[in-house]
Novice: 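Quick one: the structure is below, questions incoming.
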Protein chains: 2
Amino acid sequence: MRAATRPVVATPADAETGDAARSGSVAFGPLADSLGFHLRLAQIAAFEEFFAAFAEDGLQPGGFSVLITIRENPGVRQGILANALRIKRSHMAKIVQGFGEAGLIERRVPPDDRRAVELTLTEAGHRLVAAKMPKFLQHERASAAALTKDERHTLFALLRKLNGL
Amino acid sequence: MRAATRPVVATPADAETGDAARSGSVAFGPLADSLGFHLRLAQIAAFEEFFAAFAEDGLQPGGFSVLITIRENPGVRQGILANALRIKRSHMAKIVQGFGEAGLIERRVPPDDRRAVELTLTEAGHRLVAAKMPKFLQHERASAAALTKDERHTLFALLRKLNGL
DNA sequence: CATGGATTGTTTTCGAGTGGACAAAATTGC
DNA sequence: GCAATTTTGTCCACTCGAAAACAATCCATG
């Protein structure tokens with residue numbers, strides 16, 4: 001904007017400075033064809049939308065996904081849950097400890113394998129998930145609003161295939 | 001071990017514990033239709049592939065994307081680069097500082113705006129990017145190997161549209 | 001100019017997530 | 001039965017990245 005017309009006070013040594021110095025547009029080069037890069041951008045946007053919707057509830061994407069999955073799989077073992085959600089076991093231990101102290105989940109040691117921990121939602125946990133689920137579903141419908149319904153469907157199918165699900 | 005966790009001895013009343021307790025399969029429920037969840041899974045996989053390919057080179061996805069983009073946009077200002085790559089300015093300051101100390105990039109303060117910093121690759125930076133680029137391009141072709149060429153093309157188009165690029 | 005506000009990058013502080021060592025329990029092989 | 005190995009969760013140290021306060025500089029308006 002302001003840059004295009006302004007003379008650059010470059011010393012001779014600065015002559016090679018490119019156009020991008022002042023313009024707001026950046027060439028992505030090989031990055032424009034990078035799957036990881038595009039996935040990262042998309043995920044950042046998705047998380048920002050999630051936080052915008054759930055900031056007031058103190059919920060994070062990871063934590064909410066843990067609660068949802070425990071509800072869908074009562075008694076699931078902590079390590080299996082971690083594998084399914086691609087959360088490291090050491091991190092899952094922290095998350096589960098926090099939810100346990102918050103009274104949202106119950107940790108039960110099965111008698112036939114006393115190393116393991118089985119997770120279930122407490123009554124409070126069920127209430128929280130039930131209360132937030134409508135907003136979550138609404139948020140999911142609104143995400144990817146830049147795409148048509150068909151495009152969204154195609155994107156999901158491709159991501160599922162990519163993730164082996 | 002779990003001194004804090006009182007082992008709850010199972011009684012017949014616990015019989016409602018779900019199938020997931022021991023099975024390795026987990027039902028995802030509403031998560032199966034969550035864009036953010038699928039994006040997260042895909043990105044984790046993509047990053048793991050990147051690290052598997054570049055671990056020996058001590059390169060990280062974010063850092064490499066910064067170097068690539070500086071090469072494509074010599075003299076780009078640090079804040080504009082941060083915006084383009086969706087890296088926070090405070091984080092970009094760290095990254096740029098590290099690369100500067102490593103002798104890979106040069107930070108130049110333009111005389112007409114002495115707040116700004118313009119970034120260019122040093123000779124060593126150019127050599128590093130040039131040396132790693134073939135492996136990067138190879139890695140990009142190999143990623144998303146679970147998809148056909150057409151599917152990959154479609155996925156890219158959808159992600160670009162989703163990201164507004 | 002001069003002063004108040006906006007922009008740009010840095011620093012500090014904090015939480016999320018990882019990796020590795022560890023302890024307890026289970027399983028396997030002898 | 002018993003030792004060695006494996007599995008499961010936890011703890012500790014660390015890195016990556018974000019939020020916010022900060023300093024320096026530029027700009028706009030009088």
Side-chain angles (χ1 to χ4, degrees), chain A residues 1-3 6 9 21-22 24 40-41 43-45 47-48 50-52 55 58-66 75-101 105 107-119, chain B residues 1-7 9 21-22 24 40-41 43-44 47-48 50-52 55 58-66 75-101 105 107-119:
Chain A
M1 329 244 170
R2 73 200 206 283
R6 181 193 304 265
V9 215
R22 270 167 205 75
R40 178 170 167 277
L41 291 189
Q43 204 207 339
I44 289 175
F47 272 38
E48 276 178 2
F50 184 96
F51 278 113
L59 275 177
Q60 292 169 341
F64 194 54
S65 74
V66 166
V76 67
R77 281 191 325 193
Q78 173 166 332
I80 292 178
L81 180 63
N83 283 342
L85 300 181
R86 300 291 243 127
I87 294 173
K88 293 283 177 289
R89 281 180 320 167
S90 57
H91 189 205
M92 184 62 80
K94 284 187 193 177
I95 295 175
V96 157
Q97 186 170 355
F99 282 148
E101 289 169 2
I105 68 178
R107 305 155 73 198
R108 173 179 169 278
V109 174
D112 60 335
D113 187 345
R114 303 196 357 255
R115 301 167 302 180
V117 176
E118 293 177 356
L119 305 175
Chain B
M1 177 183 172
R2 294 171 228 91
T5 307
R6 273 323 310 145
V9 179
R22 264 164 213 78
R40 178 170 167 276
L41 291 189
Q43 205 207 341
I44 289 176
F47 272 38
E48 276 179 1
F50 185 95
F51 278 113
L59 275 178
Q60 292 170 344
F64 195 53
S65 72
V66 166
V76 67
R77 282 195 326 206
Q78 175 165 332
I80 292 177
L81 181 63
N83 284 343
L85 299 181
R86 300 291 243 128
I87 293 173
K88 293 283 177 290
R89 283 185 334 212
S90 58
H91 189 204
M92 182 63 79
K94 284 188 191 176
I95 296 175
V96 156
Q97 185 170 355
F99 282 148
E101 288 170 1
I105 67 178
R107 305 157 72 196
R108 173 180 169 278
V109 174
D112 60 334
D113 187 347
R114 301 195 357 256
R115 300 167 300 180
V117 176
E118 292 177 358
L119 305 174

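Every chain is numbered from 1 and lettered A, B, ... according to where its sequence line falls, protein lines coming before strand lines.
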Novice: Checking contacts here: which listed nucleotide (D:dT10, D:dT25, C:dT11) is nearest the side-chain heavy atoms of A:Ala93?
Specialist: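 Within the option list, the nearest is D:dT10.
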Novice: Per the atom types in the model, does the base of C:dG19 pair as donor or acceptor with the side chain of A:Lys88 at under 3.5 Å?
Specialist: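 Not at all, since no donor on one side and acceptor on the other fall under 3.5 Å apart.
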Novice: Counting distance alone, no hydrogens or angles: does the base of C:dT8 have a donor or acceptor under 3.5 Å from a partner atom on the side chain of B:Arg89?
Specialist: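 Side chain to base: no pair below 3.5 Å.
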Novice: C:dG9 C1' sits how many Å from B:Leu119 CG, rounded?
Specialist: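 So the two atoms are 11 Å apart, to the nearest Å.
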Novice: Might you point out which heavy atoms bring B:Pro61 and B:Phe51 nearest each other, and give the distance in Å?
Specialist: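 That closest heavy-atom pairing would be CD-CZ, 3.8 Å.
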Novice: State the CD1-NZ distance between A:Ile44 and B:Lys88, to the nearest 0.5 angstrom.
Specialist: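 A:Ile44 atom CD1 to B:Lys88 atom NZ measures 7.0 Å (nearest 0.5 Å).
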Novice: Nearest to the side chain of A:Gln60, heavy atoms from C-beta on, is which of C:dA16, D:dA24, D:dT10?
Specialist: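 Looking only at side-chain atoms, A:Gln60 lies closest to C:dA16.
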Novice: Rounded to whole angstroms, how far apart are CZ on A:Arg115 and C1' on C:dA26?
Specialist: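 The distance from CZ of A:Arg115 to C1' of C:dA26 comes to 4 Å, rounded to the nearest Å.
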Novice: So which of A:Leu81, A:Leu85, A:Ile105, A:Val66 actually passes side-chain contact (heavy atoms from CB on, under 4.5 Å) with A:Ile95?
Specialist: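 One option only clears the test, and that one is A:Val66.
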Novice: For the residue pair A:Leu119 and A:Arg107, establish whether any side-chain heavy-atom pair is separated by less than 4.5 Å.
Specialist: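 They are in contact (side-chain heavy atoms under 4.5 Å apart), so the answer is yes.
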Novice: If you look at every strand shown and take non-hydrogen atoms under 4.0 Å, does B:Arg114 touch a base, only sugar-phosphate, or nothing?
Specialist: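 The answer is sugar-phosphate, as B:Arg114 gets under 4.0 Å only of primed atoms, P, OP1 or OP2.
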Novice: Rounded to whole angstroms, how far apart are CZ on A:Arg108 and P on D:dT8?
Specialist: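 Answer to the nearest Å: 17 Å.
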Novice: Nearest to the side chain of B:Ser90, which nucleotide is it out of C:dA6, D:dT8, D:dA20?
Specialist: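 So the side chain of B:Ser90 is nearest to D:dA20.
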Novice: Measure from the side-chain heavy atoms of B:Lys94 and tell me the nearest of D:dG17, C:dG17, D:dA19.
Specialist: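 Nearest listed nucleotide: D:dG17.
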Novice: Scan A:Arg86 against the nucleic acid and name what it touches under 4.0 Å (heavy atoms): base, sugar-phosphate only, or nothing.
Specialist: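 Counting heavy atoms under 4.0 Å across all strands, no contact is made by A:Arg86.
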Novice: Could you tell me how far apart A:Leu85 (CG) and C:dG17 (C1') are, to the nearest whole angstrom?
Specialist: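 Going from CG in A:Leu85 over to C1' in C:dG17 covers 14 Å.
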Novice: Grab the CD1-P distance between A:Ile87 and C:dT18 for me, whole Å please.
Specialist: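 It is 8 Å, rounded to the nearest whole Å.
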Novice: Heavy atoms from C-beta onward define the side chain here; which of D:dT25, C:dG9, C:dA25 lies closest to that of B:Gln78?
Specialist: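 So the side chain of B:Gln78 is nearest to C:dG9.
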Novice: Whole-Å distance between C:dG9 P and B:Ile95 CD1?
Specialist: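 Taking atom P of C:dG9 as the reference, CD1 of B:Ile95 is at 14 Å.
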Novice: Looking at D:dC11, I'd like to know if its phosphate oxygens (OP1 or OP2) sit under 4.0 Å from a side-chain N or O belonging to A:Gln97.
Specialist: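 For A:Gln97, the contact criterion (side-chain N or O under 4.0 Å from OP1 or OP2 of D:dC11) is met.
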Novice: Determine yes or no for a side-chain-to-main-chain donor-acceptor pair under 3.5 angstrom, with B:Arg40 supplying the side chain and A:Phe47 the backbone.
Specialist: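 Looks like no, no N/O pair under 3.5 Å.
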Novice: A:Arg77 CZ to C:dA26 C1': how many Å, rounded?
Specialist: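 Distance, rounded to whole Å: 11 Å.
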Novice: From NE2 of B:His91 over to P of C:dC14, roughly how many Å is that when rounded to an integer?
Specialist: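 To the nearest whole Å, that distance equals 19 Å.
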Novice: For D:dT10, does either OP1 or OP2 sit under 4.0 Å from a side-chain N or O belonging to A:Arg107?
Specialist: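 A:Arg107 to D:dT10 OP1/OP2: side-chain N or O found under 4.0 Å.
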